[in-house]
Amino acid sequence: MSGTRERRAVELGVLLLALLVLISIQQLPVTVHSTPRVLHVPQEYSTIQAAIDAASPGDTVLVDSGMYGGNLTITKSLNLTGVSASTTIIDAGGLAPDINITATSNVVVSGFTIKNPGGFASEVIVASSSTVTISDNVVQTGSTYGTYLNNSQLVTVRNNQFSGNSYGVVVQGGHSNIIHQNNMTTTVQVAIYNSTGNIISDNVLRQGQTGIDLRDGSTGNVVARNTIANETLRGLSLQNSYNNTILENNIEFNKQSSTTIGIYFQTARGNRFYYNNIRNNTIQFFPTSVPGDISGNTWNDGVGSPRGNFWVDYKGVDDGSNGRVAGDGIGDSLIPHPCPSGGPPCWSSGLCPNATVCPPGVDDYPLVQPFVLPPVKLTASASPLSGYAPLLVSFKANASGGAPPYTYSWDFGDGAVAQQQNTTHTYSLKGSYVASVRVTDSVGTNQTDSVAVTLLARYGSLVLHVQDQAQKPVGAANVTSIAQPAGQLRLVQRTNPQGIAAWVNLTPGNYSFQVSSPGFETAIKSVVVVFNQTTNAQVTLVIPPVQGGFPVALTVGIALVAAAGVIAGFVFLRRRKRPRDAAVPVSGKGASR
């Protein structure tokens with residue numbers, strides 16, 4: 001009866017445990033991805049959209065070569081990657097946008113040919129999103145926009161080829177986007193509308209109507225190191241835009257008609273314009289609001305010795321006649337330019353054809369030679385350059401020239417690296433190290449410099465005296481370190497006849513020694529070796545004690561023998577007793593006999 005109750009209690013316990021496990025399983029999420037996955041198209045998913053829908057945030061959708069439909073929608077963080085822009089093609093079939101990235105962040109689209117969206121649609125739309133990268137794509141065939149950024153920020157459009165579109169890249173609202181190193185042959189190549197803090201740099205913009213168009217209250221943008229050439233209407237246009245910086249651009253050969261303009265300003269104020277090469281345009285500069293578009297902007301770098309722009313039709317000389325230093329590369333006569341030769345901006349749209357004095361020109365510091373981006377220069381330094389390990393070293397890198405901003409990469413020579421311009425590093429082991437830093441500017445030009453750091457070891461010395469209880473030296477004693485600081489080899493030595501074991505050039509720190517000699521008990525000694533000092537330590541070896549006239553070992557041996565004898569006698573007596581016990585009857589029947 002009791003056995004049945006126990007069995008039922010066990011069964012009830014098992015059922016309760018199973019119920020708890022079931023509840024725990026139901027509370028787990030259906031799908032858990034601890035690391036980002038790669039989803040393959042078409043091997044695992046027949047369409048790109050199916051893979052996008054199945055992806056978790058952070059995953060990569062890798063698309064093999066082939067032709068795929070467009071109208072893709074991305075609303076999560078992921079990487080959409082084609083294996084080759086020449087063979088992986090997204091074609092919307094003239095019906096809809098190719099790729100629509102909406103209300104998300106941390107998206108990368110790269111490695112595709114993207115083409116043939118519907119009528120007024122775009123190849124790529126980025127709407128209300130941030131931290132998106134569109135790179136290394138071929139964006140082609142007629143549509144309104146190649147890439148359209150609407151109310152988005154921190155979007156990078158880099159190293160793409162745009163052709164056949166009405167617009168290459170359009171930024172509407174938003175801020176802090178980067179359009180970098182693209183090649184465009186579209187009608188309007190880059191258009192910035194009512195947006196701020198964008199960087200348009202290092203693009204090649206050719207054979208359209210307008211290269212770069214800033215308008216509708218676009219402010220605080222940087223236009224740098226672009227080539228704007230062979231446009232039919234305007235190279236660079238600023239309309240109702242303020243406080244932008246335009247530098248180091250080549251605005252040239254925009255002369256496809258008698259009215260083609262290199263630089264066009266309409267109600268543009270507070271902009272800074274310098275280091276640009278303005279060459280061979282039909283009309284170099286045309287302001288529609290005189291004198292505001294002239295005097296309302298700054299046409300030099302604004303430093304202590306200002307430098308302006310290179311105008312290919314400037315005929316002045318650098319002779320110091322204007323009170324400046326002759327030969328400094330800045331024109332001194334026929335300034336400001338353009339003006340003395342007539343034409344805009346000295347007069348514009350009939351504003352002052354009959355006036356005695358027309359509005360002034362723009363550039364008081366014209367360059368007499370084209371601006372050439374100086375090479376990247378780099379100087380690395382470190383402090384201190386030598387010392388005892390461990391050593392904390394401060395590193396600095398000073399870059400100039402090239403096309404800022406710069407990125408830095410340090411290699412400290414011991415396997416450690418860093419990405420900061422100025423940083424620190426701790427070396428732990430003695431030796432000589434060469435720390436190198438590579439700086440890369442925004443157009444990919446790099447330079448390397450290095451600095452040598454020498455680490456000295458912190459050494460100490462140790463003298464160990466071994467003696468017996470009578471303070472007599474113990475020669476030929478074995479001395480072995482059983483613990484020592486990191487990097488220090490194990491120490492092994494026999495004492496000399498004076499009972500001494502000695503070492504020099506030891507790593508400072510805690511040591512532990514084992515000392516032994518025949519006839520003595522083994523001793524353990526802990527010693528602290530101090531940097532730049534000689535440490536003296538003493539070890540006394542003890543003769544094993546004698547109990548009752550007998551050595552301890554002999555006494556223990558006799559005790560063991562005696563114990564063994566007692567045990568043997570007990571066993572013998574037990575065996576002799578067993579036969580007598582076996583003859584006793586085990587049942588009543590046997591007893592009656």
Side-chain angles (χ1 to χ4, degrees), residues 97 101 114 117 119-129 132 134 137 139-158 160-246 249 251 254 260-268 271 286 288:
I101 302 168
I114 306 170
F120 293 98
S122 302
E123 266 91 350
V124 181
I125 298 175
V126 182
S128 302
S129 297
V132 175
I134 311 297
N137 302 287
V139 184
Q140 64 183 22
T141 71
S143 70
T144 302
Y145 304 132
T147 296
Y148 178 46
L149 312 184
N150 180 28
N151 194 32
S152 296
Q153 55 274 339
L154 301 175
V155 178
T156 298
V157 182
R158 182 185 67 243
N160 303 282
Q161 296 184 31
F162 292 87
S163 63
N165 306 285
S166 297
Y167 290 83
V169 177
V170 174
V171 180
Q172 176 75 52
H175 60 86
S176 305
N177 304 292
I178 297 174
I179 304 168
H180 180 62
Q181 287 186 329
N182 300 282
N183 193 310
M184 302 188 193
T185 54
T186 60
T187 304
V188 176
Q189 280 129 2
V190 178
I192 309 295
Y193 300 148
N194 189 29
S195 184
T196 186
N198 303 286
I199 299 175
I200 306 100
S201 64
D202 306 291
N203 302 283
V204 177
L205 314 174
R206 296 179 182 273
Q207 298 177 343
Q209 286 187 359
T210 300
I212 297 177
D213 187 13
L214 275 67
R215 63 170 64 194
D216 300 339
S218 292
T219 64
N221 301 286
V222 176
V223 178
R225 298 178 302 279
N226 301 282
T227 294
I228 307 171
N230 305 113
E231 309 293 357
T232 61
L233 184 62
R234 299 164 186 163
L236 172 69
S237 174
L238 269 70
Q239 303 180 60
N240 298 304
S241 294
Y242 313 94
N243 301 321
N244 301 285
T245 300
I246 298 97
N249 299 281
I251 304 171
N254 300 291
T260 303
I261 300 170
I263 303 161
Y264 177 82
F265 276 16
Q266 180 180 359
T267 317
N271 302 286
F286 191 96
T288 61

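Count residues from 1 along the sequence.
Going from atom CZ of Arg158 over to atom CD1 of Ile134 covers 10.5 Å, rounded to the nearest 0.5 Å. Atoms CZ and CD1, from Phe286 and Ile261 in turn, are 5.5 Å apart once rounded to the nearest 0.5 Å. One finds the CG atom of Asn165 at 8.0 Å from the OG1 atom of Thr187 (value rounded to the nearest 0.5 Å). Atoms OG1 and CG, on Thr185 and Asn230 in that order, are 11.5 Å from each other to the nearest 0.5 Å. Here CD1 of Ile114 is found 11.5 Å from OG of Ser122. Values are rounded to the nearest 0.5 Å.
With Met184 as the fixed residue, the side-chain contact (heavy atoms from CB on, under 4.5 Å) test singles out one of Gln207, Gln189, Gln161, Arg206: Gln189. A side-chain hydrogen bond (donor to acceptor under 3.5 Å, both in side chains) with Asn203 is found for one member of Asn226, Asn249, Asn183 and no other, namely Asn226.
Listed for the Asn254 side chain is a donor-acceptor partner under 3.5 Å among the backbone atoms of Glu231. For Ser152 (side chain) and Ser128 (main-chain N/O), a donor-acceptor pair under 3.5 Å exists by modelled atom type. Looking at Ser218, its side chain does come within 3.5 Å of a backbone N or O of Ile192 through a donor-acceptor pair. Formation of a donor-acceptor pair under 3.5 Å by the Ser195 side chain with backbone atoms of Gly174 is found in this model. No side-chain donor-acceptor contact under 3.5 Å links Asn271 to the backbone of Thr245.
When every heavy atom of His180 is checked against every heavy atom of Ile178, the shortest pair comes out as CB-CG2, 3.7 Å. Nearest heavy atoms, Pro97 versus Ala121: N-CB, 3.8 Å. The two residues Ser129 and Ile101 have their closest heavy-atom pair at OG-O, 3.7 Å. Here the closest non-hydrogen pair linking Thr196 and Asn221 is C-OD1, 3.6 Å. Here the closest non-hydrogen pair linking Leu154 and Asn177 is N-OD1, 3.2 Å. Contact record, Thr144 with Ser166: O-CB, 3.4 Å, taken as the closest heavy-atom pair.
Between Tyr167 and Tyr193, the ring planes are perpendicular. Angles over 60° get that label, and only those under 30° would be called parallel.
You'll find the side chain of Val169 reaches within 4.5 Å of the side chain of Phe162, heavy atoms only. With a 4.5 Å cut-off on side-chain heavy atoms, Val188 and Thr186 do not count as touching. Within the 4.5 Å cutoff, the side chain of Leu236 has heavy atoms near those of the Ile246 side chain. Side-chain atoms of Ile212 and Ile200, non-hydrogen and from C-beta on, do get closer than 4.5 Å to each other. Taking 4.5 Å as the limit, some side-chain heavy atom of Asp202 sits within range of a side-chain heavy atom of Arg225. You'll find the side chain of Ile251 reaches within 4.5 Å of the side chain of Ile263, heavy atoms only. Between Thr147 and Tyr145, every side-chain heavy-atom pair lies at or beyond the 4.5 Å cut-off. With a 4.5 Å cut-off on side-chain heavy atoms, Ile179 and Asn198 do not count as touching.
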Checklist entry - Does the side-chain hydrogen bond (donor to acceptor under 3.5 Å, both in side chains) test come out yes or no for Asp216 and Asn194, once each step is laid out? => result CA-CA 5 Å; Asp216 300 339; Asn194 189 29; over 6 Å; no
Checklist entry - Passes side-chain hydrogen bond (donor to acceptor under 3.5 Å, both in side chains), Gln239 versus Ser237? Steps please. => result CA-CA 7 Å; Gln239 303 180 60; Ser237 174; 3.3 Å; yes
Checklist entry - Can you check side-chain contact (heavy atoms from CB on, under 4.5 Å) on Gln209 and Thr232, steps first, answer last? => result CA-CA 5 Å; Gln209 286 187 359; Thr232 61; 3.5 Å; yes
Item to check | From CA spacing to verdict: side-chain contact (heavy atoms from CB on, under 4.5 Å), Val157, Asn182 | outcome: CA-CA 8 Å; Val157 182; Asn182 300 282; 4.0 Å; yes
